[in-house]
Number of protein chains: 2
Amino acid sequence: MADDKAAILKGTLDMLILKIVALGPIHGYAISQRIQQISNRHFQLQQGSLYPALHRLENRGWLAAHWRATGTGREAKFYKLTAKGRRRLEAEVESWERTAEAVALILRTAE
Amino acid sequence: MADDKAAILKGTLDMLILKIVALGPIHGYAISQRIQQISNRHFQLQQGSLYPALHRLENRGWLAAHWRATGTGREAKFYKLTAKGRRRLEAEVESWERTAEAVALILRTAE
DNA sequence: GCGTATAGGCAGAAATGCTAGGCGTCTCCC
DNA sequence: GGGAGACGCCTAGCATTTCTGCCTATACGC
């Protein structure tokens with residue numbers, strides 16, 4: 001089991017997607033590539049995880065979607081962050097930072 | 001919704017438990033208190049999450065348990081780390097660190 | 001005798017991400 | 001013109017994990 005490529009940590013997927021979308025309108029396929037690229041290929045985001053997540057985020061009103069042509073002349077569904085989504089992203093990032101700190105605190109506890 | 005107390009981030013519970021147990025033999029109830037205490041009360045670990053997790057870790061051979069009296073004269077199940085558990089803990093910590101770094105990388109990506 | 005802290009446990013639900021497929025199109029190259 | 005592979009979207013079913021909510025029992029102070 002070479003866990004060279006790690007699955008995305010549960011609970012962080014939404015935040016990562018929101019963050020990528022916050023960088024500018026982007027379609028699903030490109031999101032997965034972007035996440036792998038930026039994370040130095042650490043994360044392996046499966047399409048079967050991505051698309052349901054996108055629909056979830058859209059249903060919650062954090063993302064808005066519309067079809068548009070890509071650079072390669074194909075139709076794709078572009079997502080962009082809503083105002084609500086931006087607030088959500090900020091909240092999730094803050095929560096993540098506090099959590100990461102708490103984990104670090106425990107891990108640093110000396111024997 | 002004051003999410004003052006955060007639930008434990010999915011996927012980190014096992015690691016945190018292993019880490020606490022690595023500090024010395026300890027029983028379940030004390031583990032939950034320790035985690036809350038060390039994390040500056042950030043984490044709220046429910047007993048309904050803790051005990052199933054302990055059984056899981058024991059079944060996998062990462063923890064070993066034996067009944068013993070506590071300081072207050074009550075019987076409690078003390079857990080200690082096995083050699084296998086120690087290796088597992090190291091692996092999980094390393095994986096966590098790489099993951100946290102990858103998340104940070106994405107979050108730091110400028111607009 | 002009673003309430004609270006200590007200590008362990010289970011059943012059921014909810015969320016989340018994965019595996020494993022399917023669909024159609026476009027481009028490139030032989 | 002035919003095949004391969006990249007692009008792009010999607011669903012169904014599953015496994016795992018953690019939560020909520022409940023139960024039991026003992027020790028101790030009042």
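Residue numbering restarts at 1 for every chain, and letters A, B, ... go by the order of the sequence lines.
- The distance from atom CD of A:Glu92 to atom C1' of C:dA15 is 13 Å, rounded to the nearest whole Å.
- Checked against C:dT16, D:dT20, C:dG17, the side chain of A:Ser49 finds its nearest nucleotide in C:dG17.
- The environment of CD in A:Glu101 is sparse: at most 12 heavy-atom neighbours from other residues, nucleotides or ligands sit within 6.0 Å.
- Between A:Arg56 and the phosphate of C:dG17, there is a side-chain N or O to OP1/OP2 separation shorter than 4.0 Å.
- Dashed line: the shortest gap from a side-chain N or O of A:Gln46 to OP1 or OP2 of C:dT19 is under 4.0 Å.
- Atoms CH2 (B:Trp67) and C1' (C:dG9) sit 9 Å apart, rounded to a whole Å.
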Under 3.5 Å, N/O pairs linking protein and nucleotides 21-27 of chain C:
from   : atom 1 : to      : atom 2 : distance (Å)
C:dT25 : O2     : A:Arg74 : NH1    : 3.0

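- At least one donor-acceptor pair closer than 3.5 Å links the side chain of A:Thr99 to the backbone N or O of A:Ser95.
- A:Leu13 and A:Val93 fall within the same hydrophobic cluster, defined by Ile, Leu, Val, Met, Phe, Trp and Tyr side-chain heavy atoms under 4.5 Å apart, directly or through other members.
- The nearest whole Å value for the distance from the NE2 atom in B:His55 to the P atom in C:dG8 is 9 Å.
- Note: CD (B:Gln44) to P (D:dT20) measures 8 Å, nearest angstrom.
- At the phosphate of C:dT6, neither OP1 nor OP2 sits under 4.0 Å from any side-chain N or O atom of B:Thr70.
- With the nearest nucleotide of DNA chain C identified for both B:Tyr51 and A:Leu45, B:Tyr51 has the one nearer the 5' end.
- Linking ILVMFWY residues whenever their side-chain heavy atoms come closer than 4.5 Å, directly or via other members, places A:Leu18 and A:Ile38 in the same cluster.
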For this session: Take A:Val103 and B:Leu9 through the side-chain contact (heavy atoms from CB on, under 4.5 Å) test and state the conclusion after the steps.
Result: CA-CA 9 Å; A:Val103 169; B:Leu9 192 59; 5.8 Å; no
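- Heavy atoms of A:Arg68 sit nowhere under 4.0 angstrom from any nucleic acid atom.
- Atom CG in B:Leu16 sits about 14 Å away from atom C1' in D:dT17, given to the nearest Å.
- Taking atom CD1 of B:Ile8 as the reference point, atom P of C:dT16 lies 17 Å away to the nearest angstrom.
- The nucleotide whose nearest atom lies closest to any side-chain atom of B:His27 is, among C:dT19, C:dA7, D:dC10, C:dA7.
- Going from atom CD of B:Glu75 over to atom C1' of C:dG8 covers 12 Å, rounded to whole Å.
- By the criterion of side-chain heavy atoms lying less than 4.5 angstrom apart, applied directly or through intervening Ile, Leu, Val, Met, Phe, Trp or Tyr residues, A:Ile8 is grouped together with A:Ile26 in one hydrophobic cluster.
- In terms of phosphate contacts, A:Lys10 brings no side-chain nitrogen or oxygen within less than 4.0 Å of OP1 or OP2 of C:dC18.
- With 3.5 Å as the limit, one finds no donor-acceptor pair spanning the side chains of A:Thr70 and A:His27.
- When rounded to the nearest whole Å, the span between OH of A:Tyr79 and C1' of D:dG8 equals 11 Å.
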